[in-house]
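Some notes on the structure that comes next.
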Amino acid sequence: MTVSPSPAAAPFDPAAILPDDLLERFRARAAAHDRENTFPEDDLAELRERGYLAILVPADLGGAGLDLAAASVLQQRLATAAPATALAINMHLIWTGVAKLLADRGIDDLRFVQTGAAAGEVFAFGISEAGNDLVLFGSDTEAAPTGDGGYAFTGTKIFTTLSPVWTQLGLHGLDTTSPDAPRMVFAFLSRDETDAGRVRIRDDWDTVGMRGTQSRTTELHGARAAADRVVRRLEPGPQPDPLVFGIFAVFELLIASVYTGIARRAIDVAVATAHRRTSKKTGATYSQDPDIRWRVAEMGIAYDALPPQLAAIAHDIDARTDHGARWFALLSGLKHRAVTTAKQIVDEAILVAGGASYFSGSELGRLYRDVLAGMFHPSDPESAHATSATAWLGPVEK
């Protein structure tokens, strides 16, 4: 079953794709997945059945044909119910979003991602490595040519979201042996490599929050990517290849969307609690307390700035707006503002809701733990500030 119609054919209604009853089921499960440290298999099954894995795939390839602006809104909505589910699906949507971005620019290198997503495949994101602050621009993973155009990858990837369920892993490594070396190699490998013992997934995801993502450590022991799944060989370091830009742009946008959704849910829970709790001192609900009203106003003022920023950046990506060298500062700044604002809002929401939110089983207690993860996704605060400083002041003189 695929989501229809496309936004070009009818007004886009997020609730038609993620209806309230679906979100309530996700919300009801989220506490158990957090408590038991399990992957939301049922959420994934329902999303797959509704065609959500292919929302960014063109209609003629079996998808919904949505744009990134619509995907951002949907991810915000999904995160209000189950942040870990939204963040997990995000990593799949990043690859389908990159495929769309490339196809929109006449590059069909990731068409197999689009057809695979429409067929129900799950694509995971294998980029993060411990201590590698170069992220897309460097890798500690060895990429060794296999002689037939393919590559064998050896190294360790961390925060590999969707570990229990992915069918294709998009990753990168460094080729140091080819005549034109060094070259960054971007490729996809199949889940079959786990059966062959060349991919080993550690059961080590025991974190403070975002427990349902099951973003486990992945060991690569000569894991093989076929020649037709090697999508780029690039010089290490920053450069303008559309694949690199696509990964950075879609990642930052959708990460910001998830944490914006968390912020919205925190406000909703705080507001409902303020209307429900009654002051013994005054006999009035806390919604009438001037201090509570100030906190809620602060939350609302901060939140209201986020959705328009997401919509504007998503529009510019979809419209192929040329921001030149400013793009990376705009994208990293968007992500940084979203995650820091979301954390501030959750902090205020807990104060509005009172001591009950300090219990780990409360929804706000879970949101408090989940929102902390935002600071660890690229671009981290240091990288975002360095990128912005370079955009405004130029590079640091050597």
Side-chain angles (χ1 to χ4, degrees), residues 1-10 12 17-18 44-75 78 86 88-127 136 149-150 161-162 165-172 185-192 225-234 241-255 257 314-315 317-320:
M1 175 179 175
T2 57
V3 179
S4 62
S6 79
F12 170 61
I17 297 172
L18 296 174
L44 175 62
E46 291 202 65
L47 289 170
R48 178 187 273 123
E49 194 277 333
R50 297 188 67 83
Y52 199 80
L53 298 181
I55 56 172
L56 289 167
V57 175
D60 61 359
L61 293 180
L66 300 184
D67 58 17
L68 286 168
S72 172
V73 172
L74 288 168
Q75 284 298 93
L78 181 56
I89 295 299
N90 233 37
M91 301 307 166
H92 167 88
L93 293 179
I94 287 167
W95 283 124
T96 59
V98 174
K100 170 182 168 47
L101 182 147
L102 292 178
D104 287 347
R105 290 154 177 78
I107 305 168
D108 285 332
D109 295 350
L110 295 187
R111 187 181 179 91
F112 68 89
V113 170
Q114 297 176 312
T115 57
E121 291 215 59
V122 178
F123 291 84
F125 200 70
I127 300 295
L136 291 173
T161 302
L162 298 165
V165 297
W166 62 259
T167 61
Q168 299 284 332
L169 178 66
L171 77 169
H172 71 349
V185 181
F186 291 81
F188 290 78
L189 53 85
S190 168
R191 189 80 181 199
D192 293 343
D228 63 351
R229 293 296 182 264
V230 176
V231 295
R232 280 295 187 282
R233 296 180 73 258
L234 303 170
D241 188 90
L243 179 74
V244 173
F245 171 74
I247 294 173
F248 193 88
V250 180
F251 186 97
E252 300 291 78
L253 172 69
L254 294 185
I255 288 291
S257 300
H315 170 272
I317 298 171
D318 285 326
R320 301 187 285 282

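Since we're looking at a predicted model, the values are computed, not measured.
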Which side-chain N or O atoms in residues 93-101 pair as donor and acceptor under 3.5 Å with protein atoms at least two apart or in another chain?
unit_1	atom_1	unit_2	atom_2	d
Trp95	NE1	Ala124	O	2.8
Thr96	OG1	Leu93	O	3.0
Lys100	NZ	Asp104	OD2	3.0

Side-chain donor-acceptor pairs under 3.5 Å in residues 246-254, sequence neighbours left out?
unit_1	atom_1	unit_2	atom_2	d
Glu252	OE1	Ser379	N	3.3
Glu252	OE2	Ser379	N	3.2
Glu252	OE2	Ser379	OG	3.2

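Between the side chain of Asp318 and the backbone N or O of Ala69, at least one donor-acceptor pair lies under 3.5 Å.
Proximity of Met91 to Ile255: side-chain heavy atoms (C-beta onward) are separated by under 4.5 Å at one or more points. Residues Val122 and Arg48 are in side-chain contact: their nearest non-hydrogen atoms beyond the backbone lie under 4.5 Å apart. For the pair Asp109/Leu243, no side-chain contact is recorded, criterion being any heavy-atom separation below 4.5 Å from C-beta on. Here the side chains of Leu74 and Tyr52 are in contact, with some heavy-atom distance below 4.5 Å. Under the 4.5 Å side-chain criterion, counting only non-hydrogen atoms from C-beta, Val185 is not in contact with Leu171. Within the 4.5 Å cutoff, the side chain of Ile127 has heavy atoms near those of the His172 side chain. When side chains are defined from C-beta on, Leu18 counts as touching Leu47, because their heavy atoms get closer than 4.5 Å. Put simply, the side chain of Leu169 does not reach to within 4.5 Å of the side chain of Leu162, judged on heavy atoms.
Contact record, Arg111 with Leu61: NH2-CD2, 3.2 Å, taken as the closest heavy-atom pair. Residues Ser72 and Ser257 approach most closely at OG-OG, 2.7 Å, considering heavy atoms. The shortest heavy-atom contact between Gln75 and Ala86 is NE2-O, 2.9 Å. Between Leu53 and Glu121, the closest heavy-atom pair is CD1-O, 4.0 Å. Residues Val230 and Gly150 share a closest heavy-atom pair of CG2-CA, 4.2 Å. Of all heavy-atom pairs spanning Ala88 and Thr161, the tightest one is CA-CG2, 3.4 Å.
Atom CZ of Arg233 has more than 12 heavy atoms from other residues, nucleotides or ligands within 6.0 Å.
The line from CZ of Arg229 to CG of Leu110 is 10.0 Å long, rounded to the nearest 0.5 Å. To the nearest 0.5 angstrom, Phe123 atom CZ is 6.5 Å from Phe112 atom CZ. Distance CD1/Ile317 to CG/Leu68: 6.0 Å, rounded to 0.5 Å.
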Audit row: Leu136, Phe186, side-chain contact (heavy atoms from CB on, under 4.5 Å) steps and yes/no: CA-CA 10 Å; Leu136 291 173; Phe186 291 81; 4.2 Å; yes
